[in-house]
Amino acid sequence: MTLEEARKKIIFALDVHGLDDIDRWAGVLAGKVGMFKVGKELFTSCGPAAVKAVQRHGGQVFLDLKYHDIPNTVASAMFVAARLGIQLVNLHALGGAEMMERAVAAVHGGFSDAERPRLLAVTILTSSTAHTLQQVGIDYSVQDMVVRLARLAKESGMDGVVASPQEIGLIREACGPDFLIVTPGVRPSFAALDDQKRVMTPCEAVTSGADYLVIGRPIAKAVDPVLAAESIAAEIAEGTP
Ligand code: C5P
């Protein structure tokens, strides 16, 4: 894989809460990574201005708001999210087939295929364990639930899922080659584990079939973040055909 292709696979997690922080990060990392993730902390703090700030630096946006509500509300939220000109947006598959189908219909009905964001489903949060599921009355294993929800997302017209590295293979097998897989929980060989428990290197994740990698602290906390981003891209480029 070329270095440019490898850079495009990296989504930098903007886990910050100020517009100044966005300018600082997007200013140095635009062109070095493929996309920026705007999540709940940043969006709650700055709103759509956060998305616009990334876009002013030429950056693409993954809006990670993980919608989960009644179908009508999620469909409307997805539609206005798509109007922001973002590239990826997500919801919780646990909201069910009707919620996902309505979201897909709202976005497909309002935007051309070229301009619309790709719609992702979160299956089971990477922080959840079998115990977490049992506490809310789910007796299936995490893996069974992940595959079940990924299939449901695909059948509902979603473009892909967010999943931990360990689940990439199972999801590829269940949902086929065109289904997008976005993976947090990767750690380059040079980085600390932080609170990530089940990790793979970026290269292993891409080789296993991940389309995009969400990476925060290994870049943000590095002494030289630009060098860290470039090293990750180089690791991916060198380790993949
Ligand atoms: O750990 P890191 O800083 O690379 O996390 C980047 C992003 O990945 C976070 O914004 C979070 O949304 C996501 N994440 C996750 N599961 C974890 C840890 C982080 O999905 N266990």
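We count ligands from 1, going down the list as the structure has it; atoms in each ligand are counted the same way.
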Check each of Met158, Glu155, Lys154 against Cys175 using the side chain to side chain contact (heavy atoms under 4.5 Å, CB included) test, and report the only one that passes. Lys154

Closer than 3.5 angstrom, by distance alone: can the side chain of Lys9 be matched with the main-chain N or O of Asp211 as a donor-acceptor pair? yes

Numbered atoms and elements of ligand 1 in range of Val214, under 4.0 angstrom, heavy atoms: 7 (C), 8 (O)

Would you say Gly216 has any N or O atom under 3.5 Å from an N or O of ligand 1, going by distance alone? yes

Within the structure, does Lys37 bring an N/O atom to less than 3.5 angstrom of an N/O atom in ligand 1? yes

If you count the atoms of ligand 1 from 1 in the order shown, which ones are under 4.0 Å from a heavy atom of Thr126? 15 (C), 16 (N), 17 (C), 20 (O), 21 (N)

Under 3.5 Å, side-chain donor or acceptor atoms of residues 84-111 against the rest of the protein: list the pairs with distances, not counting sequence neighbours.
unit_1: Gln87; atom_1: OE1; unit_2: Val61; atom_2: N; d: 2.9
unit_1: Gln87; atom_1: NE2; unit_2: Gly85; atom_2: O; d: 3.4
unit_1: Asn90; atom_1: OD1; unit_2: Leu65; atom_2: N; d: 3.2
unit_1: Asn90; atom_1: OD1; unit_2: Lys66; atom_2: N; d: 2.9
unit_1: Asn90; atom_1: ND2; unit_2: Asp64; atom_2: OD1; d: 2.7
unit_1: Arg102; atom_1: NH2; unit_2: Asn72; atom_2: OD1; d: 3.0

Atom NE2 of His68 with >12 non-hydrogen neighbours under 6.0 angstrom: yes

Heavy atom of Gly185 under 4.0 Å from ligand 1? no

Looking only at distances, can you tell me whether any N or O atom of Asp15, backbone or side chain, sits closer than 3.5 Å to an N or O atom of ligand 1? yes

Contact region, Lys66 to ligand 1, non-hydrogen atoms below 4.0 Å, reads neither

Could I get the full list of side-chain contact (heavy atoms from CB on, under 4.5 Å) partners for Leu170, not counting sequence neighbours? Gln143, Val147

Got more than 12 heavy atoms from elsewhere within 6.0 Å of CD, Gln135? yes

Find all atoms of ligand 1 within a distance of less than 4.0 Å from any non-hydrogen atom belonging to Pro218, and give their numbers and elements. 4 (O)

